[in-house]
Amino acid sequence: MPSQRRPLVAGNWKMNFDHLEATYFVQKLVWLLRDAHFDFKRCEVALFPSFTSLRSVQVLVEADKLKITYGAQSVSVTTQGAFTGDVSADMIAHLGCSYVIVGHSERRKYHPEDDANIVDQVRAVLAAGMQPILCVGESFEERRQGIELDFAVGQVRDVTRDLNDEQAAKLIVAYEPVWAIGTGMVATPQSAQDAAKAIRDDLGATFGQGVADAVRILYGGSVTSKNAAEMIAEPDVDGFLIGGAALDAEELCTIARLALKTSARK
Ligand code: PGA
């Protein structure tokens, strides 16, 4: 039976593009997709600008009724108060965001985001009516030890153990091996599939097949138009979280078109 999950092509801009560049990018991307008669019903395209560009993206999307979705790259675990520099989930939701990336390896590395904090971020995102894109994935060391699947599944379990079925079904997981992020060293389609399947099987064992079938599992780490089609042909890979290649509108459009075309054949 073909997958019921709508593929998701998500561009994580990280700390790139001010709000003027973001505006230009969105217009260019939407124009390219429209020119290609892109079918958004069969493939979702989402952008993750920095906080300072979210409002500009919202204005464009709402004014022109654009079919792209968008979200934030991180969120505070608290709702309001004396937390200088933080941005709450409600503030993000009020800008029309559908998603928040949680636990990206760069956040885990450069900020005090431990497992407990990541669980709290997921809860905050869900409570504000958005969906978390939970990033997991091994470093070189775990891969060398051959424990990469257990490691990724364990990182998902750290979060899901506190969720009920309804909350778990709203999760999106991005399997992003740390060694593949921004390095040009992409995982093989088979190892992305193995990780996605291990995560899905574990969700099934905990929450049942309905939840396992609903959760979209993305691959991230040096995705480009050269490797995207092979990757998304895998049965459990439902899309991508893309960094570097998402800074080029033509490249992102090509990846989205490949994702749509290839996943339609699954
Ligand atoms: P990359 O980044 O595509 O540049 O490897 C992916 C990510 O960090 O989400």
Side-chain angles (χ1 to χ4, degrees), residues 7-17 21-22 25 29 44-51 53-54 57 68-75 97-111 113 118 121-122 125 130-140 142-143 148 151-152 155-156 159 171-189 191-193 195-196 199 215-232 234 237-259:
L8 171 59
V9 173
N12 171 17
W13 285 349
K14 310 192 180 188
M15 200 172 71
N16 293 290
F17 297 159
E21 292 163 321
F25 187 106
L29 177 67
E44 182 175 0
V45 179
L47 295 173
F48 292 80
S50 53
F51 286 131
S53 297
L54 282 175
V57 173
I68 60 164
T69 50
Y70 55 95
Q73 298 173 17
S74 176
V75 66
C97 290
S98 305
Y99 307 108
V100 178
I101 298 173
V102 174
H104 190 281
S105 67
E106 286 151 16
R107 299 291 308 176
R108 294 182 196 249
K109 182 170 172 196
Y110 300 121
H111 299 269
E113 295 193 7
I118 286 163
Q121 283 190 51
V122 166
V125 172
M130 299 178 290
Q131 288 184 265
I133 299 186
L134 172 68
C135 299
V136 300
E138 80 285 355
S139 66
F140 258 133
E142 287 94 27
R143 179 152 285 253
E148 66 274 10
F151 186 82
Q155 283 182 312
V156 176
V159 168
L171 211 57
I172 296 171
V173 179
Y175 168 64
E176 299 207 303
V178 178
W179 51 266
I181 295 177
T183 59
M185 287 188 290
V186 67
T188 62
S191 59
Q193 164 60 20
I199 292 166
V215 171
R216 288 184 286 184
I217 302 180
L218 315 180
Y219 168 79
S222 297
V223 172
T224 68
S225 58
K226 298 210 166 44
N227 51 43
E230 274 191 304
M231 199 68 88
I232 206 165
E234 296 293 340
V237 177
D238 303 317
F240 305 113
L241 186 56
I242 308 163
L247 299 176
D248 177 335
E250 277 164 20
E251 177 72 354
L252 188 58
C253 175
T254 305
I255 295 171
R257 293 178 66 189
L258 287 168

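Each ligand, and each atom within it, is numbered from 1 in the order the structure gives.
For the pair Arg143 and Glu138, the salt-bridge criterion is met [side-chain N within less than 4.0 Å of a carboxylate O].
Checking each of Leu252, Leu218, Ile232 against Phe240 for a side chain to side chain contact (heavy atoms under 4.5 Å, CB included) leaves exactly one that passes, namely Ile232.
The atoms of ligand 1 that sit less than 4.0 Å from any heavy atom of Gly244 are 1 (P), 3 (O), 4 (O). Short contacts between ligand 1 and Gly182, defined as distances under 4.0 Å to a heavy atom of the residue, involve ligand atoms 1 (P), 4 (O), 5 (O). Within the listing of ligand 1, atoms 7 (C), 8 (O), 9 (O) sit less than 4.0 angstrom from a heavy atom of His104. Interface of Asn12 with ligand 1, defined as ligand atoms under 4.0 Å from a residue heavy atom, comprises 9 (O).
Residue-environment remark: CZ (Arg216) exceeds the threshold of 12 foreign heavy atoms within 6.0 Å.
A parallel orientation is assigned to the rings of Phe140 and Trp179, their planes being inclined by less than 30° (bins at 30° and 60°).
Compare Lys14, Glu176, Glu106 by their heavy atoms: the one nearest to atom 8 (O) of ligand 1 is in Lys14. The residue among Gly220, Gly243, Ala245 with a heavy atom at the shortest distance from atom 1 (P) of ligand 1 is Gly243.
Using a 4.0 angstrom heavy-atom cutoff, Ala180 counts as in contact with ligand 1.
Side-chain contact check for Ser74 versus Val102: every heavy-atom pair is 4.5 Å or farther apart.
Taking only nitrogen or oxygen atoms, main chain and side chain alike, Ser222 reaches within less than 3.5 Å of ligand 1. Checked by distance only, ligand 1 and Gly221 stay at 3.5 Å or farther apart across all their nitrogen or oxygen atoms.
Separation of the Phe17 and Phe25 ring centroids falls under the 6.0 Å cut-off.
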request  = Would you check, one step at a time, whether the test side chain to side chain contact (heavy atoms under 4.5 Å, CB included) holds for Ile133 with Asn12?
outcome  = CA-CA 11 Å; Ile133 299 186; Asn12 171 17; over 6 Å; no
